[in-house]
A.B. asks: 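Below you will find the structure I want to go over with you.
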Amino acid sequence: MTAPPELVPAGPPHAAVLAELQAACFPDEPWSAVSIAGMVEPPAAFAVIAMEGGEPAGFVMVRTAGEDGEILAIGVLDHARGRGTGRRLVDAAVAGAMRRGATAVFLEVAEDNAAARALYSRAGFVPVGRRPGYYRRRDGRVAALVLRFPSPPMEPPAGR
Ligand SMILES: CC(C)(COP(=O)(O)OP(=O)(O)OC[C@H]1O[C@@H](n2cnc3c(N)ncnc32)[C@H](O)[C@@H]1OP(=O)(O)O)[C@@H](O)C(=O)NCCC(=O)NCCS
């Protein structure tokens with residue numbers, strides 16, 4: 001049985017490792033270590049790296065602005081998927097954003113990304129918006145869903 005991953009807080013000094021993980025998980029969308037260093041600058045932003053057997057196996061990058069948190073990117077290396085690491089990273093992202101003052105956490109996910117949509121749905125995120133044609137694909141474009149955690153409070157019925 002594989003031991004659960006160790007979650008390690010990360011920031012600008014880990015930008016090169018985060019860039020490698022990002023490029024492995026998103027081959028069509030590599031980000032430079034320099035831009036990643038700027039994205040995870042404390043105190044408003046942070047990253048978490050999941051270590052398995054002493055090796056980086058997944059990551060999440062988060063930023064906060066006032067009461068809003070945003071998951072900028074999350075990924076788990078192919079060989080480490082399907083064992084709960086993604087869920088642990090989402091939970092760490094939400095907890096870290098809330099510790100920094102966020103009351104809600106948002107993210108964008110491609111409508112055709114079934115694995116990520118399942119992960120976020122299990123973690124309690126709900127759709128609050130849709131951006132048609134947001135992501136480019138080799139054969140066209142696909143919408144982004146905007147998800148929020150927790151589910152927004154119910155509006156009172158109109159006219160009351
Ligand atoms: C999305 C991703 C991070 C999931 O990581 P993971 O470690 O495999 O996820 P987990 O094992 O924690 O699974 C979490 C839940 O999602 C579900 N899930 C994960 N992959 C799935 C798949 N391919 N199909 C259906 N459900 C899936 C799991 O069943 C699990 O639900 P459960 O708790 O009921 O069992 C991973 O597939 C990945 O890195 N994909 C490429 C990068 C990406 O798309 N990132 C998200 C961009 S918004």
Side-chain angles (χ1 to χ4, degrees), residues 1-11 14-33 35-40 44-65 68-98 102 104-152:
M1 222 175 91
T2 314
E6 183 194 356
L7 299 187
V8 180
H14 307 93
V17 177
L18 290 165
E20 276 180 34
L21 289 165
Q22 161 80 23
C25 295
F26 300 89
D28 295 337
E29 201 188 342
W31 295 344
S32 73
S35 62
I36 285 180
M39 292 162 81
V40 296
F46 65 98
V48 178
I49 295 175
M51 301 290 294
E52 263 192 26
E55 296 291 333
F59 75 106
V60 63
M61 302 195 288
V62 185
R63 77 174 161 213
T64 59
D68 288 350
E70 185 184 4
I71 294 182
L72 302 171
I74 182 169
V76 175
L77 295 181
D78 208 23
H79 70 84
R81 290 180 190 165
R83 297 202 296 261
T85 300
R87 177 59 192 274
R88 285 190 180 87
L89 287 167
V90 169
D91 290 348
V94 168
M98 294 197 165
V105 178
F106 295 83
L107 59 84
E108 281 148 8
V109 60
E111 204 166 40
D112 62 357
N113 190 341
R117 287 184 62 182
L119 164 66
Y120 300 135
S121 162
R122 298 282 202 277
F125 281 76
V126 295
V128 292
R130 185 174 182 274
R131 298 184 175 144
Y134 191 77
Y135 295 105
R136 189 173 297 133
R137 292 283 186 261
R138 290 198 180 88
D139 54 353
R141 301 193 75 93
V142 61
L145 297 176
V146 182
L147 306 187
R148 181 189 198 273
F149 177 92
S151 173

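One-based numbering, in listed order, for ligands and for the atoms of each.
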A.B. asks: Is any side-chain heavy atom of Val146 closer than 4.5 Å to a side-chain heavy atom of Phe125?
C.D. replies: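 Val146 does not reach Phe125 side chain to side chain.
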A.B. asks: What residue and heavy atom of the protein are closest to atom 4 (C) of ligand 1, and at what distance?
C.D. replies: Leu119 CD2, 3.9 Å
A.B. asks: For the backbone of Ala44 and the side chain of Thr64, can you confirm whether one donor and one acceptor N or O come within less than 3.5 Å of each other?
C.D. replies: yes
A.B. asks: I need the nearest protein heavy-atom contact for atom 44 (O) of ligand 1: residue, atom name and distance, please.
C.D. replies: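 Looking at atom 44 (O) of ligand 1, the protein heavy atom closest to it is Asn113 ND2, 2.7 Å.
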A.B. asks: Nearest heavy atom to atom 25 (C) of ligand 1: which of Ala50, Ala118, Gly75 does it belong to?
C.D. replies: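 Residue with the shortest heavy-atom distance to the ligand atom: Ala118.
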A.B. asks: Any protein heavy atom sitting closer than 4.0 Å to atom 7 (O) of ligand 1?
C.D. replies: yes
A.B. asks: Touching ligand 1 at all, Gly84? Heavy atoms, strictly under 4.0 Å?
C.D. replies: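 True for this residue.
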A.B. asks: Flag Gly86 as yes when one of its N or O atoms lies below 3.5 Å from any N or O atom of ligand 1, and as no otherwise.
C.D. replies: yes
A.B. asks: I want to know if ligand 1 touches Ala80 in the polar sense, i.e. an N/O pair below 3.5 angstrom.
C.D. replies: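 No; every N/O pair is 3.5 Å or more apart.
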A.B. asks: Mind checking whether Val109 has an N or O less than 3.5 Å away from an N or O of ligand 1?
C.D. replies: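 No; every N/O pair is 3.5 Å or more apart.
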A.B. asks: For atom 45 (N) of ligand 1, which protein heavy atom lies nearest, and how many Å away is it?
C.D. replies: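 Here the nearest protein heavy atom works out to Ile74 O, 2.9 Å.
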A.B. asks: Give the atoms of ligand 1, by number and element, whose distance to some non-hydrogen atom of Gly82 is under 4.0 Å.
C.D. replies: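 That gives atoms 6 (P), 7 (O), 8 (O), 11 (O) of ligand 1.
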A.B. asks: How far is atom 35 (O) of ligand 1 from its nearest protein heavy atom, and which residue and atom is that?
C.D. replies: Arg122 NE, 4.7 Å
A.B. asks: To the nearest 0.5 Å, what is the distance between NE2 on His14 and CE on Met61?
C.D. replies: 13.5 Å
A.B. asks: Check whether any protein heavy atom sits under 4.0 Å from atom 21 (C) of ligand 1.
C.D. replies: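 Under the 4.0 Å cut-off, atom 21 (C) of ligand 1 does have protein heavy-atom neighbours.
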A.B. asks: Between CD of Gln22 and CG of Leu72, what distance do you get to the nearest 0.5 Å?
C.D. replies: 10.0 Å
A.B. asks: Report yes if some heavy atom in the side chain of Val48 is under 4.5 Å from a heavy atom in the side chain of Leu89; otherwise report no.
C.D. replies: yes
A.B. asks: Report the part of Phe59 (side chain from C-beta onward, or backbone N, CA, C, O) that has a heavy atom under 4.0 Å from ligand 1; answer both or neither where that applies.
C.D. replies: neither
A.B. asks: Kindly check if the number of other-residue, nucleotide or ligand heavy atoms within 6.0 Å of CZ (Arg63) is above 12?
C.D. replies: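 For Arg63, atom CZ is not crowded (no more than 12 foreign heavy atoms under 6.0 Å).
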A.B. asks: Val76 to ligand 1: N or O pair under 3.5 Å?
C.D. replies: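 By distance alone, the answer is yes.
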A.B. asks: Identify the closest protein heavy atom to atom 48 (S) of ligand 1: which residue and atom is it, and at what distance?
C.D. replies: Tyr120 OH, 3.2 Å
A.B. asks: Test salt bridge (Lys or Arg N to Asp or Glu O under 4.0 Å) on Asp28 and Arg137; report intermediate values, then the result.
C.D. replies: CA-CA 9 Å; Asp28 295 337; Arg137 292 283 186 261; over 6 Å; no
A.B. asks: Taking atom CZ of Arg130 as the centre, does the number of heavy atoms from other residues, nucleotides or ligands within less than 6.0 Å exceed 12?
C.D. replies: yes
A.B. asks: Does atom 29 (O) of ligand 1 have any protein heavy atom closer than 4.0 Å?
C.D. replies: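 No.
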A.B. asks: Where is the tightest heavy-atom contact between Ala73 and Phe59, given as atom of each residue plus distance?
C.D. replies: CB-CE1, 3.9 Å
A.B. asks: Should you measure from each heavy atom of Ala116, which atoms of ligand 1 turn up under 4.0 Å away?
C.D. replies: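 So the atoms of ligand 1 that pass are 1 (C), 46 (C).
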A.B. asks: Hey, could you give me the CE/CD distance between Met51 and Glu6, rounded to the nearest 0.5 Å?
C.D. replies: 7.0 Å
A.B. asks: In terms of residue, atom name and distance, what is the protein heavy atom nearest to atom 23 (N) of ligand 1?
C.D. replies: Ala115 CB, 3.4 Å
A.B. asks: Rounded to the nearest 0.5 Å, what separates atom CZ in Arg81 from atom SG in Cys25?
C.D. replies: 5.5 Å
A.B. asks: About how many Å separate CG of Leu77 and CD of Glu20, when rounded to the nearest 0.5 Å?
C.D. replies: 10.0 Å
A.B. asks: Quick check on contacts: which atoms of ligand 1 are under 4.0 angstrom from a heavy atom of Phe26?
C.D. replies: 42 (C), 43 (C), 45 (N), 47 (C)
A.B. asks: If you round to the nearest 0.5 Å, how far is CD of Glu55 from CD1 of Ile49?
C.D. replies: 12.0 Å
A.B. asks: For Glu108, take its heavy atoms, then give the atoms of ligand 1 lying under 4.0 Å from any of them.
C.D. replies: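 Ligand 1 atoms under the 4.0 Å threshold to Glu108: 48 (S).
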A.B. asks: Going by heavy-atom distance to atom 36 (C) of ligand 1, choose the closest among Arg81, Arg83, Arg88, Arg87.
C.D. replies: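 That would be Arg81.
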